[in-house]
Amino acid sequence: MKSAEIRDAFLKFFESKGHQIVASSSLVPHEDPTLLFTNAGMNQFKDVFLGFDKRPYTRATTSQKCVRAGGKHNDLENVGYTARHHTFFEMLGNFSFGDYFKRDAISYAWELLTEVFKLPKDKLWVTVYAEDDEAYDIWTKEVGVPAERVIRIGDNKGARYASDNFWMMGDTGPCGPCTEIFYDHGEHIWGGPPGSPEEDGDRYIEIWNNVFMQFNRDEQGVMHPLPKPSVDTGMGLERISAVLQGVHANYEIDLFQALIKAAARETSGADMDSPSLKVLADHIRACSFLIADGVIPGNEGRGYVLRRIIRRAIRHGYKLGARAAFFHKMVPDLVGEMGSAYPELKDGERRIMDVLRQEEERFFATIENGMAIVETELAAMEAAGKKVFDGDTAFKLHDTYGFPLDLTADICRERDVTVDAVAFDAAMARQKEQARAAGKFKMAANLDYDGPETTFHGYTLLEEKGNILALYKDG
Ligand code: ATP
Ligand code: MG
Ligand code: MG
Ligand code: MG
């Protein structure tokens, strides 16, 4: 089954169970200032779950565009390092707004996976929230999954990718206990079942999360019961496609293979196994879909996240040998793969290419000099046996050469060193202070004062730093 057919099969299955097929919402949650980008299928239904909004249906199903590259759910640092994380992905979901609850949600999921998709039952593992006896009993007694494959998971134990089985959209909003379904890709792949010390591996991959929405979490962290318990589920299209296509990594599925070929063609990268090709295949999706939804590269907020993703992509292309704008040339390949499911891509094709090309030209003008500085620093570090990249140099790269901190960190990670982010922040703060002082001086001297611009400059830096911190905090 091709991924496009899997998407259809999912929607049709839930339609046959009385669900309304609803279109994906934009990646930019205009109505929700608490959210950077749409990161789950439930986002567009947030107010329905909270009881503020009513729809003519109580069951819905969607294939939702998601970006997890900032904010509470940030997978940017996982891309290229795990088999299962993207910045942009499609989340297949079914939703109950005060209609069915745990029992039906679980039995629909099981029916789709084992009867429609015909997955072998013994390869499926399940987790439930530690205190959720109800879900545990449904799985073990009603569905009949052997108890050794149903695992109770409590709060996050601190592992990098550990599940905690209590889903929250963000720091506030609807949330509740969940039950997750995992697929065992086989013992030739490293990793252990969820909850085990080796769960960070990629052998057992989470394919589907069923969230039982029971609470609304407020700013103080207090959980208020929702008017009607509801269901919100999310299954990564790329992950279920990998399972159904008999491959392990998401990057091996039909859709990604076409994009990886396009990346190789545009960078003349000979090594088809290079992680950089996967990063490019991932990033072209995130960047194109974000631009299609109206985000443009900039120095703050959403635009700055987009700029960072584009620059990371360019750096990976540079590593593969590209010396001039190339990234935008992958857009037609993406449109070929996803344009019929998402017409906004096809409609925006020219504009997406133009925006990317302009951003590329800008960055290609400084990348050569910036990379020379990085390489000189890394060589000096190696000679001295140092493992921490100098923060002032990282700041100079940011300030003069347009290398965002996370980009320098991305290069460093490949060489097994880290960046001194504290010193970077200090350099940023010093520059901000100088900018402010210069503004005051101008004002005092009654020179050609451009107050708003001076203020704006400081704000930009602050925002930028906020984003970087958020990126690291959530990574
Ligand atoms: P993981 O533990 O693997 O990071 P998650 O628990 O953070 O996943 P959820 O928030 O439960 O993911 O999202 C629901 C589903 O969306 C997941 O079960 C998975 O199939 C898919 N998914 C989540 N994050 C990503 C991602 N970055 N790339 C691709 N698919 C994803
Ligand atoms: Mg995650
Ligand atoms: Mg998880
Ligand atoms: Mg999950």
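Numbering starts at 1 and runs along the sequence shown. All figures in this text were calculated on a predicted structure; none of them were measured in a lab.
Side-chain contact check for Ser25 and Gln64: at least one donor-acceptor pair (N or O, by modelled atom type) lies under 3.5 Å. A donor-acceptor contact closer than 3.5 angstrom links the side chains of His328 and Glu360. Side-chain contact check for His248 and Asp202: no donor-acceptor pair (N or O, by modelled atom type) lies under 3.5 Å. Side-chain polar atoms of Asn94 and Arg59 form no donor-acceptor pair below 3.5 angstrom.
Classification of Asp184 and Arg203 as a salt-bridged pair holds, one side-chain N sitting under 4.0 Å from a carboxylate O. Using a cut-off of 4.0 Å between Lys/Arg side-chain N and Asp/Glu carboxylate O, Asp8 and Lys12 are scored as not salt-bridged. Salt bridge annotation for Arg413-Asp410: absent, with no cationic side-chain nitrogen under 4.0 angstrom from a carboxylate oxygen. Looking at Lys2 and Glu337, no side-chain N of the basic residue comes within less than 4.0 Å of a carboxylate O on the acidic one, giving no salt bridge. Here Glu111 pairs with Lys17 in a salt bridge; the nearest charged N to carboxylate O distance falls below 4.0 Å. A salt bridge between Lys102 and Asp132 is present, with a side-chain N of the basic residue lying under 4.0 Å from a carboxylate O of the acidic one. Classification of Glu134 and Arg103 as a salt-bridged pair fails, no side-chain N sitting under 4.0 Å from a carboxylate O. Using a 4.0 Å cut-off between a side-chain N of Lys or Arg and a carboxylate O of Asp or Glu, Arg152 and Asp133 qualify as a salt bridge.
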Passes ring pair (Phe, Tyr, Trp, His ring centres under 6.0 Å), Tyr251 versus His86? Steps please. CA-CA 10 Å; Tyr251 292 99; His86 306 296; 5.0 Å; yes

Passes salt bridge (Lys or Arg N to Asp or Glu O under 4.0 Å), Asp354 versus Arg357? Steps please. CA-CA 5 Å; Asp354 286 346; Arg357 190 180 35 74; 3.3 Å; yes

Go through the steps to decide whether Glu252 and Phe256 satisfy the test side-chain contact (heavy atoms from CB on, under 4.5 Å), and finish with yes or no. CA-CA 6 Å; Glu252 297 170 72; Phe256 270 109; over 6 Å; no

Give the C-alpha distance, both sets of side-chain angles, the deciding distance and a yes or no for side-chain contact (heavy atoms from CB on, under 4.5 Å) between Arg239 and His85. CA-CA 9 Å; Arg239 292 190 192 182; His85 287 106; 3.6 Å; yes

Checking ring pair (Phe, Tyr, Trp, His ring centres under 6.0 Å) for the pair Tyr100/Tyr108: CA distance, chi angles, key distance, verdict? CA-CA 11 Å; Tyr100 59 86; Tyr108 289 152; 5.2 Å; yes

Give the intermediate values and the outcome of side-chain contact (heavy atoms from CB on, under 4.5 Å) for residues Asp75 and Thr82. CA-CA 10 Å; Asp75 287 328; Thr82 72; over 6 Å; no

Let's go through Phe363 and Phe403 carefully: what are the C-alpha distance in whole Å and the side-chain angles of both, what is the deciding distance for ring pair (Phe, Tyr, Trp, His ring centres under 6.0 Å) to 0.1 Å, and is it a yes or a no? CA-CA 9 Å; Phe363 192 49; Phe403 279 45; 5.5 Å; yes

Are Tyr204 and Tyr183 close enough, and set up right, to give a ring pair (Phe, Tyr, Trp, His ring centres under 6.0 Å), and what steps lead you there? CA-CA 5 Å; Tyr204 298 84; Tyr183 184 80; 9.5 Å; no

Could you walk me through whether Leu356 and Cys287 pass the side-chain contact (heavy atoms from CB on, under 4.5 Å) check? CA-CA 8 Å; Leu356 285 177; Cys287 297; 4.1 Å; yes

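More than 12 non-hydrogen atoms from other residues, nucleotides or ligands lie less than 6.0 angstrom from CZ of Arg149. Summarising the local packing, CG of Asp416 is surrounded by 12 or fewer heavy atoms from other residues, nucleotides or ligands at distances under 6.0 Å. Ile296 CD1: 12 or fewer foreign heavy atoms inside a 6.0 Å radius. Other residues, nucleotides and ligands place more than 12 heavy atoms under 6.0 Å from the CD atom of Glu142. Glu187 CD: 12 or fewer foreign heavy atoms inside a 6.0 Å radius.
Distance check, rounded to the nearest 0.5 Å: CG of Asn165 to SG of Cys178 gives 4.5 Å. Between atom CG of residue Leu112 and atom CZ of residue Phe14 there is a gap of 5.5 Å, rounded to the nearest 0.5 Å. With values rounded to the nearest 0.5 angstrom, Arg307 atom CZ is found 10.0 Å from Ile314 atom CD1.
The aromatic rings of Phe95 and Phe45 are tilted relative to each other, their planes meeting at an angle between 30° and 60°. Tyr342 and Phe289 have perpendicular rings, their planes meeting at more than 60° on a 0 to 90° scale where under 30° would count as parallel.
The two residues Ser3 and Asp254 have their closest heavy-atom pair at OG-OD1, 2.9 Å. Nearest approach of Thr179 to Thr127, heavy atoms of both residues: OG1-O, 2.7 Å. Scanning all heavy atoms of the two residues, the minimum distance from Ile310 to Pro297 falls at CD1-CG, 3.8 Å. In terms of heavy atoms, Lys65 sits closest to Ser24 at N-OG, 3.0 Å. The minimum heavy-atom distance linking Ile151 with Pro194 is given by the pair CD1-O, 3.4 Å. Nearest heavy-atom pair, Phe215 versus Gly176, reported as atom, atom and distance to 0.1 Å: CD1-CA, 4.4 Å.
No option in Val355, Val305, Val28 other than Val28 meets the side chain to side chain contact (heavy atoms under 4.5 Å, CB included) test with Val295.
For Phe10 and His19, the gap between ring centers reaches or exceeds 6.0 Å.
Taking 4.5 Å as the limit, every side-chain heavy atom of Val79 sits out of range of all side-chain heavy atoms of Lys278.
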